[in-house]
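Count residues from 1 along the sequence.
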Amino acid sequence: MLRALTTLARSLLTILTAAVLFAFNFELVGIVAFRYLYNPHSAMGHDIALVLHALLSGVLTAWMYRQFFHDHLWRA
């Protein structure tokens with residue numbers, strides 16, 4: 001019973017951590033990449049730029065989570 005609750009708590013912390021990291025990275029990518037470094041071409045369209053924005057944020061979130069949080073949350 002205790003092991004199941006521990007796994008549930010770790011899973012919820014993982015989801016919460018990933019959500020906070022994604023929100024942070026979505027804003028970071030939006031501010032840095034799309035405001036200062038990259039101006040999407042008008043032919044590309046707003047939807048494609050938004051998908052690229054979300055994908056880059058997702059990749060950065062996965063890297064940051066794996067690099068900094070995974071071992072601390074899931075260490076046996």
Side-chain angles (χ1 to χ4, degrees):
M1 178 71 174
L2 184 59
R3 184 170 292 202
L5 288 175
T6 302
T7 303
L8 177 64
R10 286 179 178 172
S11 298
L12 291 175
L13 278 173
T14 298
I15 292 169
L16 180 65
T17 303
V20 169
L21 280 174
F22 183 80
F24 171 77
N25 287 324
F26 193 81
E27 289 297 320
L28 180 69
V29 167
I31 290 169
V32 174
F34 287 96
R35 189 169 292 166
Y36 297 113
L37 300 176
Y38 180 72
N39 189 5
H41 192 271
S42 62
M44 184 180 359
H46 179 71
D47 294 337
I48 295 174
L50 183 62
V51 168
L52 289 174
H53 185 159
L55 285 174
L56 184 58
S57 300
V59 168
L60 190 57
T61 297
W63 178 82
M64 287 179 76
Y65 173 78
R66 184 77 177 134
Q67 195 75 17
F68 301 113
F69 294 101
H70 182 77
D71 290 339
H72 297 293
L73 287 174
W74 291 96
R75 187 176 298 161

Side-chain donor-acceptor contacts of residues 16-32 below 3.5 Å, not counting sequence neighbours, with atom names and distances?
| residue | atom | partner | partner atom | Å |
| --- | --- | --- | --- | --- |
| T17 | OG1 | L13 | O | 2.6 |
| N25 | ND2 | L21 | O | 3.1 |
| N25 | ND2 | T61 | OG1 | 3.0 |

Open item on the list: How long is the straight-line distance from OG1 of T6 back to CG of L2, given to the nearest 0.5 Å?
Closed with: 4.5 Å

- [ ] Starting from L8, walk the hydrophobic network (Ile, Leu, Val, Met, Phe, Trp, Tyr; side-chain heavy atoms closer than 4.5 Å) and list everyone else you reach, by chain and number.
- [x] L12

- [ ] For Y65, check ring pair (Phe, Tyr, Trp, His ring centres under 6.0 Å) against everything at least two apart and list the hits.
- [x] H70

TODO: Supply the members, apart from L55, of the Ile/Leu/Val/Met/Phe/Trp/Tyr cluster built from side-chain contacts under 4.5 Å; use none for a lone residue.
DONE: V51

Open item on the list: Going by ring pair (Phe, Tyr, Trp, His ring centres under 6.0 Å), name the residues that satisfy it together with F68, two or more places apart in sequence or in a different chain.
Closed with: W63

